[in-house]
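A short worksheet on the structure shown next.
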Amino acid sequence: MRDHPVSAEQLSQDLLAWYDTHAREMPWRVGPTARASGVRPDPYRIWLSEVMLQQTTVAAVKDYFERFTRRWPRVGDLAAAEDGDVMAEWAGLGYYARARNLLKCARVVAEEFEGVFPDAYEGLIALPGIGPYTAAAISAIAFDRPETVLDGNVERVMARLHDEHEPLPAVKPVLKAHAAHLTPSARPGDYAQAVMDLGATICTPKSPACGICPWRDPCRARVKGTAPELPKKTPKKPKPTRYGFVYLARSAEGDWLLERRPDKGLLGGMLGWPGSEWNDAPTETPPFDADWQDLGAEVRHTFTHFHLILQVRSAELPADFEPRAGQELVRRHDFRPSSLPTVMRKAFDLTRR
DNA sequence: AACACGTGGCA
DNA sequence: TTGCCAAGTGT
């Protein structure tokens with residue numbers, strides 16, 4: 001046990017020492033040992049991983065990261081990709097605006113910056129899809145600059161370390177100040193990853209492992225027993241339920257009728273089945289007249305802010321059908337259910353029962 | 001400031 | 001089944 005209070009310098013050193021032996025290994029990460037021997041992370045891989053990790057678990061990201069980097073090894077390769085190929089590769093990961101902004105950002109970096117990412121926060125945050133967190137993360141992790149990252153992990157760790165009971169998001173500036181105070185000038189990149197690893201493995205939302213935490217002594221919430229209930233959050237609004245119809249049409253040759261959704265809004269830029277609006281009482285809006293069959297089961301899916309129940313209908317596409325603007329006929333052998341957003345893939349899955 | 005924006009895992 | 005949660009950003 002050490003006497004209180006502990007200096008910011010001591011705290012960051014304790015955490016770095018913990019990170020040196022407990023750092024998680026990840027496909028995009030240069031661990032503390034390699035970094036100490038001079039290995040530098042690839043800014044492209046750090047940027048790609050950070051965008052994928054926005055509101056998304058490490059477990060969900062890993063396979064997507066491997067596929068993206070295998071297919072597009074450098075930012076210039078991604079910048080040259082077809083929009084539809086990138087959206088299809090992102091399908092299932094969610095928050096599709098990230099993929100659209102990813103491509104915009106890759107093209108700015110490739111065409112205006114000769115493929116070189118900015119190293120400073122101000123340059124990074126000016127790019128599409130890069131906000132305060134991601135700009136700080138790339139600057140710190142890829143370029144070892146002393147920026148303060150503030151994500152959900154750091155918010156939780158800081159709220160507990162300082163026993164802040166004011167709810168998010170109001171308390172966020174206070175947590176940011178605490179985090180900034182602790183950011184060291186030496187090894188800021190390792191430190192940024194260390195705080196996030198601490199939040200992800202020790203200082204977890206439920207049942208934090210305070211007994212093995214490198215900050216157990218200075219942590220105010222551990223002393224008071226309030227750690228598991230922090231950070232406080234303002235209550236969320238209940239999700240309404242919406243309803244809709246989707247129409248799965250296949251030609252005699254097995255081609256599927258799909259639509260490219262508009263860039264703005266839900267599932268923007270992704271392929272999906274033709275369908276109705278989604279609301280309290282949707283109207284049937286089939287893409288062509290036919291004897292539409294009900295598939296006998298409905299799709300249930302929950303988005304961030306509403307539940308959705310879809311009725312799924314199917315019919316054979318007329319031989320003389322001509323796709324309208326926004327529609328595409330996807331050949332049987334080109335069709336990959338995995339290139340659809342999950343809610344649309346669920347509708348397709350009903351055809352295979 | 002508040003809300004839109006995905007998905008899967010877990011208790 | 002339901003609600004919460006995960007390395008946030010754009011508007």
Side-chain angles (χ1 to χ4, degrees), chain A residues 24 26-29 45-65 87 90-102 104-105 124-142 147-157 168-170 172-173 176 179 189 192-201 203-208 228-229 231-242 261-270 272 278 299-308 338 340-346:
Chain A
R24 291 179 294 170
M26 299 177 196
W28 49 85
R29 174 176 282 181
R45 293 166 64 89
I46 297 302
W47 162 74
L48 178 61
S49 67
E50 288 299 340
V51 173
M52 287 182 166
L53 286 163
Q54 291 166 5
Q55 297 288 281
T56 309
T57 58
V58 169
V61 162
K62 278 184 175 168
D63 287 349
Y64 283 85
F65 180 84
M87 300 312 289
W90 194 278
L93 199 54
Y95 284 136
Y96 298 100
R98 292 185 294 172
R100 302 194 300 275
N101 286 327
L102 187 83
K104 282 186 198 167
C105 182
L124 288 161
I125 202 170
L127 292 165
I130 298 183
Y133 163 75
T134 306
I138 296 172
S139 189
I141 298 171
E147 298 291 348
T148 300
V149 298
L150 190 68
D151 71 333
N153 287 307
V154 183
E155 287 174 359
R156 185 169 58 256
V157 170
L168 284 168
K172 193 166 171 169
K176 168 84 173 176
Q193 295 172 97
V195 197
M196 292 190 285
D197 274 19
L198 186 72
T201 64
C203 196
T204 53
K206 304 165 222 172
S207 309
E229 66 192 60
K232 301 280 192 186
K233 297 191 178 179
T234 53
K236 296 175 181 170
K237 299 202 303 191
K239 297 182 203 289
T241 299
R242 298 182 189 169
R261 299 172 66 88
D263 271 350
K264 295 209 172 214
L266 193 68
L267 311 179
M270 300 299 292
W278 298 343
V299 167
R300 288 173 177 267
H301 191 77
T302 299
F303 291 101
T304 312
H305 51 298
F306 65 95
H307 303 290
L308 178 64
S338 62
L340 299 177
T342 299
V343 64
M344 299 294 174
R345 185 185 51 71
K346 284 183 182 178

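None of these values were measured; they are calculated from a predicted model. Reckoned from all heavy atoms, side chains included, excluding hydrogens, waters and symmetry mates. In what follows, chains carry the letters A, B, and so on, assigned in the order in which the sequence lines appear, proteins first and then strands, with residues in each chain numbered from 1.
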Practice item. Given side chain to side chain contact (heavy atoms under 4.5 Å, CB included), test A:Leu102 with A:Trp90 step by step and report yes or no. Key: CA-CA 10 Å; A:Leu102 187 83; A:Trp90 194 278; 3.8 Å; yes
Practice item. Treat primed atoms plus P, OP1 and OP2 as sugar-phosphate and everything else as base, then score nucleotides 1-11 of chain C 5' to 3': B for base contact with protein heavy atoms under 4.0 Å, S for sugar-phosphate contact only, - for none. Key: ----SBBBSS-
Review point. Quick one: is B:dC5 close enough that its OP1 or OP2 comes under 4.0 Å of any side-chain N or O from A:His305?
Key: yes
Review point. Side chain to side chain donor-acceptor pair (under 3.5 Å) with A:Glu50: which residues, sequence neighbours excluded?
Key: A:Tyr133
**Study point:** Closest-nucleotide 5' rank along DNA chain B - winner of A:Thr302 and A:Pro169
**Key:** A:Pro169
Point to revise | Derivation and outcome, side chain to side chain contact (heavy atoms under 4.5 Å, CB included), residues A:Met26 and A:Gln193 | key: CA-CA 11 Å; A:Met26 299 177 196; A:Gln193 295 172 97; over 6 Å; no
Point to revise | Centroid-centroid distance, A:His301 to A:Phe303, less than 6.0 Å | key: yes
Check your understanding: Looking only at side-chain N and O atoms, does A:His301 come under 4.0 Å of OP1 or OP2 in B:dT7?
Key -> yes
Practice item. Have a look at A:Gly265 and say if it touches a base, only the backbone sugar-phosphate, or nothing, with a 4.0 Å heavy-atom cut-off. Key: sugar-phosphate
Exercise for review: Under 4.0 Å between any heavy atoms, over every strand shown, what does A:Leu267 touch: base, sugar-phosphate, or nothing? Just pick one.
Suggested key: sugar-phosphate
Practice item. Can you tell me, in whole Å, how much space there is between the P of B:dC3 and that of C:dC4? Key: 16 Å
Study note, to complete from the structure: When rounded to whole Å, the CH2 to C1' distance for the pair A:Trp278 and B:dG6 reads 11 Å
Review point. Would one find more than 12 heavy atoms of other residues, nucleotides or ligands at under 6.0 Å from atom CZ of A:Arg300?
Key: no
Check your understanding: Taking the same atom, P, in C:dA7 and in B:dC5, what whole-Å distance lies between them?
Key -> 23 Å
Check your understanding: A:Gln54 and A:Arg98: side-chain donor and acceptor closer than 3.5 Å?
Key -> no
Review point. Does A:Thr342 get its side chain close enough to the base of B:dG6, under 3.5 Å, for a donor-acceptor pair?
Key: no
